[in-house]
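What follows is a single structure, written as structure tokens, with notes after it.
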Amino acid sequence: MTSKSFEFNASNLEAWQKAAVKSAPGGDVNALNWKTPDGIVVKPLYTAEDTANLPYANTLPGFEPFLRGPQATMYAVRPWTIRQYAGFSTAEESNAFYRKALAAGGQGVSVAFDLATHRGYDSDHPRVTGDVGKAGVAIDSVEDMKILFDQIPLDKVSVSMTMNGAVLPVLAGYVVAAEEQGVSQDKLSGTIQNDILKEFMVRNTYIYPPEPSMKIIGDIIEYTAKNMPKFNSISISGYHMQEAGANQALEMAFTLADGKEYVKTAIAKGMDVDAFAGRLSFFWAVGMNFYLEIAKMRAARLLWCRIMKGFDAKNPKSLMLRTHSQTSGWSLTEQDPYNNVVRTTIEAMAAVFGGTQSLHTNSFDEAIALPTEFSSRIARNTQLIIQEETHITNVIDPWAGSYMMESLTQEMADKAWAIIEEVEAMGGMTKAVGSGWAKLKIEAAAAEKQARIDSGKDVIVGVNKYKLAKEDPIETLSIDNVKVRDGQIERLKKIRATRDSAKVQAALDALTASAESGQGNLLDLSIQAVRLRATVGEVSDALEKAFGRHRADTQKVTGVYAAAYDDGENVGDTMEYWNQLKADIAAFADAQGRRPRVMISKLGQDGHDRGAKVVATAFADLGYDVDMGPLFQTPEECARQAIENDVHAVGVSTLAAGHKTLVPAIIAELKKQGADDIIVFVGGVIPRQDYDMLYEAGVKGIYGPGTPIPVSAKDVLEQIKKALA
């Protein structure tokens with residue numbers, strides 16, 4: 001039997017097109033194309049022609065431009081580091097979790113701090129009553145840090161800390177805790193996030209304005225380069241951008257542009273680029289857009305090499321993009337939550353195929369509450385199974401040479417580079433962030449994505465398709481916020497009673513003086529203050545005296561959500577529902593003499609405002625009058641603004657587990673101020689077992705993850721009508 005080798009040519013492609021026409025919708029092969037959220041058209045078929053002119057399709061791992069990976073042998077010699085990002089209320093509980101995770105196969109510690117710590121408040125501050133110990137571990141002093149890392153050898157275990165606002169006292173606390181464990185600074189390995197520009201765009205756990213925040217970053221890069229050579233001084237994060245709504249191209253472009261700005265800052269301090277660039281690292285989100293996530297990580301390495309060559313970096317390590325990755329939290333669903341195990345596995349595979357250096361896999365219950373020990377074990381074992389059972393690690397960059405992947409990598413690089421050039425034309429990322437442009441770009445992408453889900457264009461299994469008739473409850477973790485706060489306050493009292501107060505004050509005054517003059521290194525001075533038992537809040541306050549505390553402008557996009565319904569693609573129930581609701585709201589306005597008015601609020605220190613901004617955009621597009629409360633309001637401040645603005649309803653968006661404390665407080669405050677006719681509704685991450693408590697407190701509507709916004713908007717309208725009847 002003989003065989004004839006296949007030779008690709010134009011006539012063969014034409015034959016395929018004719019065959020494809022027979023099964024393509026409407027006989028149009030172009031109908032098989034997929035247009036990504038980034039605006040890239042992905043074809044159903046790629047051939048050798050698509051890669052014929054690509055400049056980097058035949059490169060090697062470990063060599064410029066590092067598209068195929070920063071190390072020559074990648075996972076074939078050393079697999080990625082398995083991390084568990086976690087913080088459980090107290091230092092004692094978090095320490096127990098870390099030690100158990102390390103014993104069960106974890107390979108590094110990744111610390112999640114509570115929001116009070118992120119925002120530079122000690123646990124006894126009145127603004128953080130509902131935030132202490134929620135969504136992370138409470139750290140007030142080096143004594144908490146010593147407990148956090150008790151029996152964890154810091155000269156052997158790398159530590160990653162997601163901290164930006166209060167980065168100086170937290171990093172100082174880690175250094176001093178290591179010293180008192182007997183580990184010198186030069187032996188410490190790990191990463192501090194230290195990425196403040198991202199905070200002004202999305203996550204909002206900032207403290208100081210952009211310019212002094214950049215001074216802090218420069219001082220940390222300078223200090224660690226001299227004293228902590230094994231420690232990564234910054235983790236430039238795209239993760240929170242994607243979580244806030246950015247598509248992959250926006251995430252990559254803005255993150256690399258942030259990195260470029262940080263390099264400029266360090267060079268402006270007189271540092272040689274090769275003295276610090278090798279310790280910069282990155283942090284990507286990895287969501288359900290499988291092909292794009294792999295292409296994004298490959299393209300990012302290509303572009304970072306290009307950027308660093310522009311700074312005349314000579315050392316190959318300065319040109320390499322090294323990254324940690326985390327599976328998406330936003331893709332997790334409250335509905336049918338065991339589906340999230342599958343989602344996380346797919347996302348972990350994309351991160352690995354993209355060449356990540358370390359990885360955190362989210363637990364399936366994180367759309368509902370903090371992860372339990374049971375769900376955390378499944379998340380960790382997901383990585384162990386990929387490493388140990390699949391043999392994926394035996395091949396370096398298995399997607400190399402794929403017609404589709406190489407083409408998509410180049411298209412992602414081109415799309416992101418165009419955005420980077422747009423940022424540079426504005427004067428760099430600090431200017432783009434300061435103008436609000438970057439934040440609005442992300443918020444527009446978030447609104448568009450949510451509208452696509454709510455209208456049924458994008459399928460989420462178990463949420464808008466293949467829904468369960470009945471949801472079974474799952475066990476969730478609950479934190480006793482009052483107990484945690486009381487314990488932290490007692491420890492603070494003890495520290496303040498036993499330290500040398502005069503020396504502490506002198507150290508804090510030195511910090512303020514340095515911040516005012518620009519002389520000295522702020523991390524060095526913070527370490528000196530923390531050694532004397534200055535607290536996180538005290539160090540932050542000393543800097544705030546010089547820098548002030550940043551207040552963000554509240555803006556919202558308009559028209560983006562409605563566009564997904566008005567583009568002519570919607571048919572059937574979703575379009576009819578949308579149009580009928582708009583008519584009902586217009587009828588209300590005719591009957592009442594004004595439109596229904598709602599105020600969307602974020603209470604406490606929870607700065608994650610994707611949900612709040614998307615809801616505000618959608619409600620406004622439907623015809624509501626919408627006010628946005630500023631971030632970080634107390635219940636008293638929120639009630640006062642709601643009354644002054646004469647709203648019908650207050651909507652509280654909560655993602656950080658503070659609802660049990662803060663939502664009853666806003667209802668009580670409205671009643672106290674004589675406005676109990678203003679209804680309160682809640683949306684976000686709320687365990688179903690908390691619903692009854694919230695309803696008993698007076699909440700009129702609860703809308704968990706996956707609730708279509710038009711459904712919640714209709715229910716709120718009906719509740720307003722009842723209140724007015």
Side-chain angles (χ1 to χ4, degrees), residues 37 201-204 240-247 250 330 435-458 460 463-464 552-567 569-570 574-575 577-579 581-582 584-586 588-589 595-602 606-631 633 641-642 645 647-655 681-684 701 703-717 720:
M201 281 187 277
V202 288
R203 192 161 170 257
N204 300 310
H240 302 97
M241 295 182 200
Q242 188 179 136
E243 289 290 280
N247 56 44
L250 264 184
W330 183 83
S435 70
W437 173 82
K439 187 175 183 67
L440 287 174
K441 290 280 282 186
I442 293 172
E443 289 173 2
E448 181 182 13
K449 176 64 176 178
Q450 190 61 50
R452 291 185 66 84
I453 293 169
D454 290 346
S455 64
K457 290 180 184 176
D458 288 357
I460 309 293
V463 174
N464 62 2
D553 292 331
T554 302
Q555 305 176 65
K556 63 179 183 289
V557 296
T558 58
V560 175
Y561 187 94
Y565 282 87
D566 297 338
D567 63 4
E569 291 184 32
N570 282 282
T574 58
M575 192 64 181
Y577 192 96
W578 176 262
N579 288 332
L581 182 53
K582 288 178 71 175
D584 291 345
I585 291 168
F588 177 96
R595 295 191 290 179
R597 190 179 189 97
V598 300
M599 175 178 161
I600 306 299
S601 305
K602 294 290 296 183
D606 175 16
H608 295 82
D609 61 352
R610 172 180 182 157
K613 290 293 185 68
V614 170
V615 167
T617 294
F619 272 51
D621 287 353
L622 279 163
Y624 276 87
D625 275 333
V626 180
D627 298 317
M628 282 292 299
L631 289 172
Q633 279 190 314
Q641 183 180 352
N645 291 5
V647 304
H648 294 103
V650 172
V652 179
S653 172
T654 174
L655 279 84
F681 61 97
V682 188
Y703 314 111
T707 304
I709 294 178
V711 171
S712 64
K714 181 176 176 58
D715 190 52
V716 169
L717 181 66
I720 291 172

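Side chains are part of it too, since the values below use all heavy atoms of this structure and drop only hydrogens, waters and symmetry mates.
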Atom of [X], atom of [Y] and distance for their closest heavy-atom approach:
X	Y	value
Gly623	Arg595	O-CD, 2.9 Å
Gly607	Asn204	O-ND2, 2.8 Å
Val202	Ala244	CG1-CB, 3.3 Å
Asp454	Pro708	OD1-CA, 3.3 Å
Ala445	Ala246	CB-CA, 4.4 Å
Ala620	Val626	N-CG2, 3.7 Å

| task | Take Lys439 and Asp609 through the side-chain contact (heavy atoms from CB on, under 4.5 Å) test and state the conclusion after the steps. | result | CA-CA 11 Å; Lys439 187 175 183 67; Asp609 61 352; 3.5 Å; yes

| task | Using salt bridge (charged side-chain N to carboxylate O under 4.0 Å, His left out) as the criterion, list what pairs up with Arg610, not counting sequence neighbours. | result | none

| request: Return the orientation label for the Phe588 and His648 ring planes: parallel under 30°, perpendicular over 60°, tilted otherwise. | output: perpendicular

State whether the side chain of [X] and the backbone N or O of [Y] hold a donor-acceptor pair below 3.5 Å, judged by distance alone.
X	Y	value
Lys602	Gly629	no
Tyr624	Leu717	yes
Tyr703	Asp715	no
Asp606	Thr654	no
Asp584	Lys582	no
Asn464	Asp458	yes

| side-chain contact (heavy atoms from CB on, under 4.5 Å) between Met241 and Ile442, intermediate numbers included | CA-CA 7 Å; Met241 295 182 200; Ile442 293 172; 4.2 Å; yes

| Would Val711 and Tyr577 count as a side-chain contact (heavy atoms from CB on, under 4.5 Å) if you check the C-alpha gap in whole Å, the side-chain angles of each, and the deciding distance to 0.1 Å? | CA-CA 9 Å; Val711 171; Tyr577 192 96; 4.0 Å; yes

Quick check: do [X] and [Y] have side-chain heavy atoms less than 4.5 Å from each other?
X	Y	value
Gln633	Ser601	yes
Pro37	Glu448	no
Tyr561	Pro710	yes

| said: To the nearest 0.5 Å, what is the distance between CE on Met201 and CG on Leu440? | reply: 12.0 Å

| request: Could you grab the distance from atom CG of Asn645 to atom CE of Met599, nearest 0.5 Å is fine? | output: 7.0 Å

| Stepwise side-chain contact (heavy atoms from CB on, under 4.5 Å) test for Ile709 and Gln450 | CA-CA 8 Å; Ile709 294 178; Gln450 190 61 50; 3.8 Å; yes

